[in-house]
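Data first, discussion second: the structure below is written as structure tokens.
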Protein chains: 2
Amino acid sequence: MAHRQDQQRRASIHDVASRAGVSAATVSKVMAGVATVKPENAQRVLDAIEQLGYRVDPLASDMRRAKRRIIGAIMPEFESEFFGQMVTQLESLAEQRGYTLVAASSRESEARETEILARMHDWRVAGVVLAPVRNEHGPAAAFMKANGMTGVLIDRVLSDDAFDTVSADSAAASAEVARELVGKGHRHILVVGLGEQAATVRARLDGFRTTALRLAPDARIDVVLAESDVEPLRAQLRDYFAKGERPTAVYSLFLKGTLVALSEFRRRGWHCPDNISLVGFDDAEWMQVTWPAIAAVVQPVRQIAGHAMEALFARIEGGEGPPTARLEPCQVLMRESVGSPGNGPHPANQ
Amino acid sequence: MAHRQDQQRRASIHDVASRAGVSAATVSKVMAGVATVKPENAQRVLDAIEQLGYRVDPLASDMRRAKRRIIGAIMPEFESEFFGQMVTQLESLAEQRGYTLVAASSRESEARETEILARMHDWRVAGVVLAPVRNEHGPAAAFMKANGMTGVLIDRVLSDDAFDTVSADSAAASAEVARELVGKGHRHILVVGLGEQAATVRARLDGFRTTALRLAPDARIDVVLAESDVEPLRAQLRDYFAKGERPTAVYSLFLKGTLVALSEFRRRGWHCPDNISLVGFDDAEWMQVTWPAIAAVVQPVRQIAGHAMEALFARIEGGEGPPTARLEPCQVLMRESVGSPGNGPHPANQ
DNA sequence: TTGAAAGCGCTAACAC
DNA sequence: GTGTTAGCGCTTTCAA
């Protein structure tokens, strides 16, 4: 803490006005760039602003305005690279338009999600970017609808009848993963995911299964879906392998699943890609430096953030029309964790 | 976007007042929990609030208050687990006290850091938690001082003459890493870091070197410090090894350095711990599932966040006294990436 | 081209 | 106990 510094009130618009010898209204006009101010007066105002170091108080300014220049962002968590990058992008885009981004974490709780939303409604934010915990049918989206809030849904959503949505094209990416794995000769593949994020998980699963079975009708696709938490998934995966199942490849539909799969491989002493291949949805920086590097689906964070903000501001500015549902293409990075089934000792033979 | 929903004005305090047959002031008192309201009237107010779904507008409420109930948080980035967890914690602690946390990323830029701070000053936040890009002597801290802002400095700081500081006890943790490595027999160790974060890096480096040399005066400690960016570090590290240097262990002073070290090991075909041992400052979830698991110093995020907020609110509530400088103890997790020098083929022998 | 006046939604003094 | 009054700092008619 600075000790008793210049704690004197900050200059207000009236201070500027009196110093420039005009009214507060004129100062306001100068700040807004209105042309109908006599150049001479405008200059006096500018000088006064400079001398006093005046800056408008955004809160006071918003009080009088119809829409406040604040965008709310609600993410399921802040701890992952994906959402970290997302918030960074959204913040940057909001700033570019002169808005402040207020980000909050729902910590994977739908109850908290609605609470935060209510608080943002109290703040009378101009719009909200909501990355729902579950999907577009949760209580948060319902709250937004019921209260006539302006918003965009991203990430774990497909499409909605009230809000624009933007998400990664999980189905297409998963189809590509299927092509890669089947192409390498895999015929017994395990898919792991979280059932909670229903629509997204289904898209990823269907996209994968459909393509895999089309290319190799004899292929066997097993699925291990935990309801809502990661620890149960760990247990289910352990059981699956304990039963003696020996797929040659695993496709994890989300980041934590990839970590769980890796840790299960560790426990069993299996290495990628010799004993088993692995591809994960969601990339992370470490995946390219570990040995082996882990193959991953890279989500187009910038595109998602960009189009979400575009859609949001279009609505804020009064844009009409039916809600849009965008799917942004992903990139699939096949790395060393994927090989051909025959290349090493199969776990079944150990 | 919800299409033409109940866009009618939200209930204001006056709506509640007239419905309850009292004045706005009385409603305000009820909301504030002031005891001097006739129970009967209080009930009528409560009923009206309930019926109208009234909630106070935090902005309007703050307008009239001396201190606004907003805490600003400025982090160098949002993409890492460390700062993600930090923001999550800070948000939670601010909420507990009825404050809103507004977080912003300086994106590792001191210029941006000052801009954000100026904007937070415009918002007249009650206090700021600043995790400076460089250290406590940057322009941001100077701005806070000059403008009499209330704040706490965390992470890349040691102590300050104007603000309370809270950070991990890097020196002690580094000393422990030294004990572990020397204890395992390492006598030639490379330390990599980023020079920009001067004080913190010095503390980590000194803590390590002092202890290592005390325990093994014959040990050789090499240092590769990049000025401010990660890519130069990569190049410097490459040069270092290209010169034929063959330390038996590497201690990275920050997370990105650990990634760079791993990727350089990859490039050279070295494995941990057989060819070289590795310990990194900063833990991450993936470090315990890769093979080998990577040894790391775990920073006490919760403690740092907790004490930072404690110190901040103490100052907000008028607490006096000289600034405090807290150091929170870290945990050192020795994992498989660390072994004894003799255990495998030394890279020099390859 | 300008400024007076009204008011955004709320709280805090101070009468009553 | 309660209501009146007076703002917080700004924007926005609207009349001059």
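Proteins get letters first, then strands, A, B, ... in listed order; numbering begins at 1 in each.
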Interatomic distance where CZ belongs to Arg69(B) and P belongs to dC10(C) [whole Å]: 13 Å
Given dT11(D), dC10(D), dT4(D), the nucleotide with the shortest approach to the side chain of Arg65(A): dT11(D)
Rounded distance in Å - CZ (Arg64(B)) to P (dC10(D)): 15 Å
Interatomic distance, Glu79(A) atom CD to Glu81(B) atom CD [nearest 0.5 angstrom]: 8.0 Å
Spacing between Asp62(A) atom CG and dC10(C) atom C1', to the nearest angstrom: 16 Å
Touch class at under 4.0 angstrom, heavy-atom based, for Ser12(A) against every strand present: sugar-phosphate
Whichever of Lys29(A) and Ala11(A) has its nearest DNA chain D nucleotide further upstream toward 5': Ala11(A)
Sugar-phosphate, base or nothing in reach of Thr36(A), heavy atoms under 4.0 Å: base
Nearest-Å distance for atom pair OH/C1', residues Tyr54(A) and dG9(D): 7 Å
Salt-bridge contact Arg112(B)-Glu95(A) (side-chain N to carboxylate O under 4.0 Å): yes
Presence of salt bridge, Glu50(B) and Arg44(B), under 4.0 angstrom: no
Met63(A), nearest nucleotide to its side chain (from dC10(C), dG1(D), dG9(D)): dG9(D)
Value in whole Å for how far the P atom of dT11(D) lies from NZ of Lys67(A): 19 Å
Nucleotide dT11(C), atom C1' - distance to NE2 of His14(B) in whole Å: 11 Å
Salt-bridge present (Arg10(B), Asp122(A); N to O < 4.0 Å): yes
Distance, rounded to the nearest Å, where Asp57(A) contributes CG and dG7(D) contributes P: 18 Å
Phosphate OP1/OP2 of dT11(D): any Ser28(A) side-chain N/O under 4.0 Å: yes
Presence of Ser61(B) side-chain N/O under 4.0 Å of dT11(C) phosphate oxygens OP1/OP2: yes
Whether over 12 other heavy atoms sit under 6.0 Å from Arg119(A) CZ: yes
Length of the CD1-P vector between Ile49(A) and dC10(D), whole Å: 10 Å
Nearest-neighbour nucleotide for the Ser23(B) side chain, dG3(D), dG3(C), dT11(D) considered: dG3(D)
Side-chain N,O (Thr26(A)) to OP1/OP2 (dT2(C)) below 4.0 Å: no
Among dC8(D), dC10(D), dT4(D), the nucleotide that comes nearest once only the side chain of Ala25(B) is considered: dT4(D)
